[in-house]
2 protein chains.
Amino acid sequence: MNYNAHVKPGSPDSCEAWQLMVQLFFAQRANLPPLAAELELSPAQCHVLHLIEPGRPIPMGQLAETLACHASNVTGLVDRLESRGLVRRRPSPADRRVKVLVLTQTGSRLRTLLLDRMTTPPDTLGRLSVSEQRALVRILTRLLE
Amino acid sequence: MNYNAHVKPGSPDSCEAWQLMVQLFFAQRANLPPLAAELELSPAQCHVLHLIEPGRPIPMGQLAETLACHASNVTGLVDRLESRGLVRRRPSPADRRVKVLVLTQTGSRLRTLLLDRMTTPPDTLGRLSVSEQRALVRILTRLLE
DNA sequence: CTCAATAGTTGACATCATCAAGTATCAGGC
DNA sequence: GCCTGATACTTGATGATGTCAACTATTGAG
């Protein structure tokens, strides 16, 4: 038994901040299914669509790594997206084992729609002052580095 | 066709902030499966465990609402958690149709372990100054209101 | 050229999630 | 009391998500 299991790294403030982040994360997690359903997508498909940027082909393996899931799972996800005409597999010129994914026109439009809806800020964000909003932008930018 | 579909409510700053939040959200979403696997849980089970606070029984229906999923899905999720001895169904004294969920000792310990790991702040958070961390706490608190 | 490693697919299987239908209970009106 | 409609949960059917092991094709090192 590890009696130090409850001792966390990081300052008390950073722990408190991250606890709130986890709260927010779970709240957002519950938000995704209904939002996805409006576009006839699943949460996982939204995640994939979010990761394929238009004009920036991505190898399937890299997608699996970013999603932190098994490669064979990506095969199925892409199968369904491709059968809906949102995505296309293309051979990689550099390595014939690799297939890269590109968005179709339809896929690109749907992705824009999805990101548009997801990134519409909740009311609570609008109640912050402008300086607070800017502080948040600055802080989040550094968190994502 | 709604030609204003791309016009977002909220100030430019709040939109930018929320775009970053969505980035963070997807990154965290990819983080959950490996973390859950360490505890032999699925992401969905983590979400459920997070929502059942020790000593605070919650009706199954309320769980379905918070998860934004169908009631029958909760039945299956709870079946598996109960068969692992993490959760128990108990009849509600107020309404015999309702079953409330309580954590077992094991479930409570596992939940603590889970939240402990999830709320361990990433390195990037520790690189912020203390005043920035406090500002983040203040802002996130208001976002969750 | 051989051989281990890598990228992706396939099939088997558990979980997640929805829906429609069913049972039990509740709450209101008669 | 007794209907009747609504609510809480379960069941069974079905599709999506996810893992694993085994497979093919390709790469790259020796």
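All chains are named by letter (A, B, ...) in the order of the sequence lines, taking the proteins before the strands, and each is independently numbered beginning at 1.
- Interatomic distance, CZ of B:Arg84 versus CG of B:Leu41, reported as 5.0 Å (0.5 Å rounding).
- Residue pairs that meet the salt bridge (charged side-chain N to carboxylate O under 4.0 Å, His left out) test with at least one member in residues 26-39 of chain B, sequence neighbours left out, are B:Glu38-B:Arg117.
- Looking at residues 30-50 of chain A, you'll see that no heavy atom sits under 4.0 Å from any atom of DNA chain C.
- By the side chain to side chain contact (heavy atoms under 4.5 Å, CB included) test, B:Pro122 pairs with A:Trp18, B:Thr124, B:Leu125, sequence neighbours left out.
- A donor-acceptor pair under 3.5 Å is formed between the side chain of B:Thr104 and the backbone N or O of B:Gly85.
- In this structure, the separation between CG on B:Leu101 and CZ on B:Arg90 is 11.0 Å, given to the nearest 0.5 Å.
- Under the side-chain hydrogen bond (donor to acceptor under 3.5 Å, both in side chains) criterion, B:Glu132 pairs with A:Arg138, A:Arg142, B:Ser129, sequence neighbours left out.
- Closest-nucleotide positions on DNA chain D for B:Lys99 and B:Arg29 were compared, and the one nearer the 5' end corresponds to B:Lys99.
- Note that OG1 of A:Thr120 and CD of B:Gln19 are 9.5 Å apart. Values are rounded to the nearest 0.5 Å.
- Partner B:Glu82 forms a salt bridge (charged side-chain N to carboxylate O under 4.0 Å, His left out) with one of B:Lys99, B:Arg88, B:Arg89 and no other, that one being B:Arg89.
- The footprint of chain A on DNA chain C, defined by a heavy-atom cutoff below 4.0 Å, extends from C:dA5 to C:dT10.
- Considering CZ of A:Arg109 and CG of A:Leu86, their distance stands at 10.5 Å, rounded to 0.5 Å.
- Among residue pairs with one or both ends in residues 13-26 of chain B, those qualifying as salt bridge (charged side-chain N to carboxylate O under 4.0 Å, His left out) are A:Arg134-B:Asp13; sequence neighbours excluded.
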Are B:Thr75 and B:Asp79 close enough, and set up right, to give a side-chain contact (heavy atoms from CB on, under 4.5 Å), and what steps lead you there?
-> CA-CA 6 Å; B:Thr75 298; B:Asp79 280 348; 3.9 Å; yes
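- Remark: B:Asn73 pairs with no residue by the side-chain hydrogen bond (donor to acceptor under 3.5 Å, both in side chains) rule, at least two apart or across chains.
- Along DNA chain D, read 5' to 3', the first and last nucleotides having any atom under 4.0 Å from a heavy atom of chain B are D:dA6 to D:dT11.
- Applying a 4.0 Å cut-off to non-hydrogen atoms, none of the residues of residues 52-66 of chain A approaches DNA chain D.
- Looking at every heavy atom in both residues, A:Pro43 comes nearest to A:Ala36 through N-CB, 4.1 Å.
- Near DNA chain C, meaning a heavy atom under 4.0 Å from it, residues 87-95 of chain A has A:Arg89 in order of number.
- Judged as a side chain to side chain contact (heavy atoms under 4.5 Å, CB included), and not counting sequence neighbours, the contacts of A:Gln23 are B:His50, B:Leu144.
- The other members of the hydrophobic cluster of A:Val98, by chain and number, are A:Val100 (side-chain heavy atoms under 4.5 Å, ILVMFWY only).
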